Asks: 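Before I ask anything, let me first share the structure, which is written out below as structure tokens.
No experiment lies behind these values; they were computed from the predicted model shown.
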Amino acid sequence: MKNILLTLAISLIMTSFSAISQTSIINAIKSGDATELSTYFDKIVEINLPDKSNSYSKSQAELVLRNFFSINPVKDLTIIHQSETAGSQYFIGNLITANGKFRTTVYLKQKGDKLFIQELRFEK
């Protein structure tokens, strides 16, 4: 019985850390804050933009996103779908910017008690 309760408690804690991290990531995108968003990047992050796609280090990815957000000032992000399976999560949303709408997909991977962004997609 103690093992079951301990397992449930750990699962609940991990889920709440996950929810907090995902909310923080969404808020960073909503505010166009590449610096805050970069705190959730894995060592290598794949970024797909309408005009280029590549894998970047954390610092390179931050610069790429800072440039993207400066060209496309963010007005809002609306989440339209999210899912979680076996230590991975993703969410899809509509990013409204001064230059139009981008379908935004963020792929996350759980490592220990933290979520890391593996891939960001911004599609016109």
Asks: To the nearest 0.5 angstrom, please state how far the OG1 atom of Thr35 sits from the CZ atom of Arg66.
Replies: 4.0 Å
Asks: Arg121 and Ser53: side-chain donor and acceptor closer than 3.5 Å?
Replies: no
Asks: Is there a chain of hydrophobic side chains (I, L, V, M, F, W, Y, each step under 4.5 Å between heavy atoms) that links Phe116 to Val45?
Replies: no
Asks: Answer yes or no: is there a side-chain heavy-atom contact under 4.5 Å between Val64 and Asn54?
Replies: no
Asks: Do Ile79 and Leu115 belong to the same hydrophobic cluster, where Ile, Leu, Val, Met, Phe, Trp and Tyr are linked whenever their side-chain heavy atoms lie under 4.5 Å apart, directly or via other members?
Replies: yes
Asks: Side chain of Asp42, backbone of Ile44: donor and acceptor closer than 3.5 Å?
Replies: no
Asks: Which residue in the set Gln118, His81, Gln22 passes side chain to side chain contact (heavy atoms under 4.5 Å, CB included) when paired with Tyr90?
Replies: His81
Asks: Work out which heavy atom in Tyr40 is nearest to a heavy atom in Ser24; give both atom names and the distance.
Replies: OH-CB, 3.0 Å
Asks: Grab the two heavy atoms, one from Ala28 and one from Glu36, that are nearest each other, plus how far apart they are.
Replies: CB-CG, 3.7 Å
Asks: Can you tell if the side chain of Gln89 reaches within under 4.5 Å of the side chain of Gln110, non-hydrogen atoms only?
Replies: yes
Asks: Is there a chain of hydrophobic side chains (I, L, V, M, F, W, Y, each step under 4.5 Å between heavy atoms) that links Ile26 to Ile96?
Replies: no
Asks: Could you tell me whether a side-chain N or O of Asn99 sits under 3.5 Å from a main-chain N or O of Ile71, the two making a donor and an acceptor?
Replies: yes
Asks: How about Asn48 and Glu123: does a side-chain donor come under 3.5 Å of a side-chain acceptor?
Replies: no
Asks: With side-chain contact (heavy atoms from CB on, under 4.5 Å) as the criterion, how do Val74 and Leu95 come out once you've worked through the C-alpha distance, each side chain's angles and the decisive distance to 0.1 Å?
Replies: CA-CA 7 Å; Val74 177; Leu95 182 71; 3.6 Å; yes
Asks: Hey, are the side chains of Phe122 and Thr97 touching, using non-hydrogen atoms and a 4.5 Å cut-off?
Replies: no
Asks: Would you call Lys58 and Glu62 a salt bridge, using N to O less than 4.0 angstrom?
Replies: no
Asks: Less than 3.5 Å apart, which donor and acceptor atoms pair up between the side chains of residues 101-109 and the rest of the protein, not counting sequence neighbours?
Replies:
from	atom 1	to	atom 2	distance (Å)
Thr104	OG1	Phe102	O	3.3

Asks: Of Leu120, Thr39, Ile117, which is the lone residue that meets side chain to side chain contact (heavy atoms under 4.5 Å, CB included) with Ile25?
Replies: Ile117
Asks: For the NZ atom on Lys124, are there more than 12 heavy atoms of other groups (residues, nucleotides or ligands in this structure) within a distance under 6.0 Å?
Replies: yes
Asks: I need the Asn67 CG to Asn72 CG distance, nearest 0.5 Å.
Replies: 9.0 Å
Asks: Atom CZ in Phe69, atom CG in Leu37: separation rounded to 0.5 Å?
Replies: 6.0 Å
